[in-house]
Amino acid sequence: QVQLAESGGGLVQAGGPLRLSCAPSGRTFGHYPMGWFRQAPGKDREFGAAISWSGSTTYYADSVKGRFTISRDKAMNTVYLQMNSLKPEDTAVYYCAARVVESRVAATTASEYNYWGQGTQVTVSS
């Protein structure tokens, strides 16, 4: 069952911003690291950004560094991805994921995450 729900995707012109949100369903992920991945048709899921369980540390793929910002709310539950200066190459389905492990160590590979949302489409036009 889906336990994370992404929202905020849509069509945007190159150079524009979008803000994605990831909300839990059925449980809280406030004590675990979270991440954003993206997947274009025919391609593997690609790491975008991650945030530690406390929100104190963030990680970014080189492809989005300086343009995207990951954050989480006061409850450390809902996670956001602020995307600026979007490029057509950013077009993909964006997935929110949670890494529910005892260590609570953040990760940057899809295989290390065990809860996923259904994805939200981001299309950047040019």
Atom [atom1] in [X], atom [atom2] in [Y]: separation rounded to 0.5 Å?
{"X": "S126", "Y": "E89", "atom1": "OG", "atom2": "CD", "answer": "8.5 Å"}
{"X": "L20", "Y": "Y95", "atom1": "CG", "atom2": "OH", "answer": "13.0 Å"}
{"X": "Q121", "Y": "Q39", "atom1": "CD", "atom2": "CD", "answer": "11.0 Å"}
{"X": "R38", "Y": "D44", "atom1": "CZ", "atom2": "CG", "answer": "13.5 Å"}
{"X": "I70", "Y": "Q82", "atom1": "CD1", "atom2": "CD", "answer": "12.5 Å"}

Under 3.5 Å: donor-acceptor pair, side chain of [X], backbone of [Y]:
{"X": "N114", "Y": "V100", "result": "yes"}
{"X": "E6", "Y": "G119", "result": "yes"}
{"X": "T91", "Y": "T123", "result": "no"}
{"X": "Y113", "Y": "A107", "result": "yes"}

Do R99's NZ or CZ and the ring of F29 fall within the cation-pi criteria of under 6.0 Å and 45°? no

On the six-membered ring of Y80, is R72 placed so that its NZ or CZ lies under 6.0 angstrom from the centre and within 45° of the ring axis?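 No, R72 does not sit over the ring of Y80.
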
For F47 together with F37, are the ring centres under 6.0 Å from each other?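 Yes, the ring centres sit under 6.0 Å apart.
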
Given S63 and E46, is the side-chain contact (heavy atoms from CB on, under 4.5 Å) satisfied, shown in steps? CA-CA 10 Å; S63 59; E46 177 187 38; 4.1 Å; yes

Run the side-chain contact (heavy atoms from CB on, under 4.5 Å) test on M34 and C22 for me, step by step, so that the C-alpha distance in whole Å, both residues' side-chain angles and the decisive distance to 0.1 Å come before the verdict. CA-CA 10 Å; M34 304 287 290; C22 173; 4.2 Å; yes

Return the minimal non-hydrogen interatomic distance between [X] and [Y], and the atom names on each side.
{"X": "P88", "Y": "S125", "answer": "CG-O, 4.5 Å"}
{"X": "A106", "Y": "P33", "answer": "CA-CB, 3.6 Å"}
{"X": "P24", "Y": "T78", "answer": "CD-OG1, 4.2 Å"}
{"X": "P17", "Y": "N84", "answer": "CB-OD1, 3.4 Å"}

Are side-chain N/O atoms of R104 and Y32 paired as donor and acceptor at under 3.5 Å? no

Evaluate the side-chain contact (heavy atoms from CB on, under 4.5 Å) criterion for residues R67 and D90: first the C-alpha distance (whole Å), next the side-chain angles of each, then the deciding distance (0.1 Å), finally the verdict. CA-CA 11 Å; R67 300 188 298 122; D90 295 318; 2.7 Å; yes

What ring-ring contact (aromatic ring centres under 6.0 Å, His included) pairs are there with at least one residue in residues 48-68, not counting sequence neighbours? none

Side chains of [X] and [Y] in contact at under 4.5 Å (non-hydrogen atoms):
{"X": "M83", "Y": "T69", "answer": "no"}
{"X": "Y94", "Y": "L81", "answer": "yes"}
{"X": "S21", "Y": "S7", "answer": "yes"}

Determine whether T57 and I51 satisfy the following criterion, side-chain contact (heavy atoms from CB on, under 4.5 Å), listing intermediate values before the conclusion. CA-CA 6 Å; T57 309; I51 189 166; over 6 Å; no

